[in-house]
Structures are given as structure tokens and as C-alpha cells.
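No hydrogens, no waters, no symmetry mates; every other heavy atom, side chains included, goes into these values. These numbers come from a predicted model, not from an experiment.
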Amino acid sequence: KEDFKVPTGQGIWKIPLVFEGGLPHIVLEAKGIRWLALVDTGSAFGVEIDESLAAELDILKTAKPVQAGLINTAIGGMKDAQEAGIKVTTVPVLNGLGPTHRNAEIAITGGGTRVGSFFFQDYRTTIDIKRQVLWLER
């Protein structure tokens, strides 16, 4: 049995974790507004926010419904994402997920704020509970 070795080198980001209710969250920031987002590798989307945060970020007017036929699967069953009212838009700059992300896609859903597997697919992702850090490696 070997302890986790902290990654080193280029293309590595160390993101502090905030635990709420035993679940890992990270702090995201766009347009000067900061929020906690659940690290949810089970979510098919990337960055998700709710309508109230989208309104605060002033991005509702640019949001477009997702294409018909995209299925959203979650606890409780499946539903067409368009029927569920899921919309997508972008923010000019998103911070808190390793490198600065420009024109970052944001999904507006009813599921709260989270970061899901669509975002993490580009990284080796390690939740380091001992150090309370999320490591992203590219």
C-alpha cells in the first residue's frame, strides 16, 4: 500500500476543496461573482448553475435550449433535456477550475450548482480528501 504522490510538473492545478455535508465542493467565479459548486462526476454536464445564479450573472438572455433528443439521466429517471428546460450559454471568463476558461459553456438546470464529467473528461482528476484538494492534470 502506497500513499498518494502529489503530482508535479506542467499542466497541474491544485484546487482547494470545501466540504459541505460530507460532499466536495469547489469555488467558482465569473463576472466577479463567486459560488460553491459540487464536484459531481456522475453529472453528464460540465458546469451547471440554477436560474437564480444565471440571472445574477446576467446570462439568461443569451441562454438557448438544448437540442431535442438529448436525454438527461439522473436519480429519479430519464427525461429529455429540452423537456426538462435545460439551457446552455457561455460566460466570458470562468475561474476556479484550474486554468482560466474563456467563453466557458454553462448549463442552466434545476439541479443546483455543480461541475460534472463533461468538464472533467479533459483531465486526470483526483479528489485528495487527506489534503482537501482537487488535482487536475492535463
Side-chain angles (χ1 to χ4, degrees):
K1 187 173 165 182
E2 189 176 312
D3 284 344
F4 171 72
K5 290 190 179 19
V6 171
T8 59
Q10 295 282 324
I12 296 169
W13 293 271
K14 177 182 178 182
I15 302 167
L17 288 171
V18 176
F19 283 88
E20 284 198 352
L23 299 173
H25 295 74
I26 57 177
V27 177
L28 300 181
E29 186 270 327
K31 295 187 169 191
I33 298 168
R34 296 169 56 115
W35 68 92
L36 277 180
L38 175 67
V39 176
D40 183 0
T41 58
S43 169
F45 289 99
V47 177
E48 293 180 54
I49 62 174
D50 58 25
E51 286 210 10
S52 64
L53 181 55
E56 192 176 345
L57 290 167
D58 194 28
I59 57 174
L60 277 175
K61 62 183 170 272
T62 60
K64 294 182 172 43
V66 297
Q67 65 189 36
L70 177 66
I71 301 298
N72 186 34
T73 304
I75 294 172
M78 296 187 320
K79 190 173 212 177
D80 184 284
Q82 193 173 43
E83 290 174 5
I86 297 171
K87 300 176 193 124
V88 292
T89 189
T90 60
V91 292
V93 176
L94 178 67
N95 289 303
L97 285 167
T100 297
H101 295 272
R102 303 210 180 277
N103 297 313
E105 184 175 275
I106 302 280
I108 302 168
T109 70
T113 58
R114 65 186 75 229
V115 181
S117 61
F118 185 77
F119 172 80
F120 293 120
Q121 71 182 347
D122 295 330
Y123 299 91
R124 178 178 177 189
T125 305
T126 304
I127 298 174
D128 184 349
I129 295 171
K130 182 178 180 180
R131 292 173 188 84
Q132 296 191 350
V133 171
L134 176 71
W135 296 98
L136 297 179
E137 301 174 64
R138 192 181 295 176

Under 3.5 Å donor-acceptor, Thr113 side chain and Leu36 backbone:
yes
Exceeds 12 heavy-atom contacts within 6.0 angstrom, atom CZ of Arg131:
yes
Looking only at the side chains, is there a donor atom on one of Asp128 and Thr126 sitting less than 3.5 Å from an acceptor on the other?
no
OG1-CG distance between Thr62 and Leu57, expressed to the nearest 0.5 angstrom
10.0 Å
Donor-acceptor contact below 3.5 Å, side chain Lys87 vs main chain Ile108:
no
Quick one: CG on Leu94 to OG1 on Thr100, what's the gap to the nearest 0.5 Å?
8.5 Å
Which atoms form the tightest heavy-atom contact between Leu17 and Pro24, and what is the distance?
CD2-CB, 3.9 Å
Quick check: are there more than 12 heavy atoms from other residues, nucleotides or ligands sitting under 6.0 Å from CD1 of Ile129?
no
Within this structure, what is the CZ-NE2 distance for the pair Phe119 and His101, rounded to the nearest 0.5 Å?
4.0 Å
If you round to the nearest 0.5 Å, how far is CD1 of Ile15 from CD1 of Ile127?
11.0 Å
Would you say CZ of Phe120 has more than 12 non-hydrogen atoms from neighbouring residues, nucleotides or ligands within 6.0 angstrom?
yes
Please report the closest heavy-atom contact between Ala63 and Thr89, naming both atoms and the distance.
CA-CB, 3.7 Å
Leu28 CG to Ile33 CD1 distance, which is reported to the nearest 0.5 Å:
12.5 Å
Mark yes or no for whether Ser117, through its side chain, and Ser43, through its backbone, hold a donor-acceptor pair below 3.5 Å.
yes
Assign the ring pair Tyr123 / Trp13 to parallel, tilted or perpendicular, where the plane angle (0 to 90°) is split at 30° and 60°.
perpendicular
When you look at NZ of Lys31, are more than 12 heavy atoms from neighbouring residues, nucleotides or ligands closer to it than 6.0 Å?
yes
What pairs with His25 under ring-ring contact (aromatic ring centres under 6.0 Å, His included), at least two apart in sequence or on another chain?
none
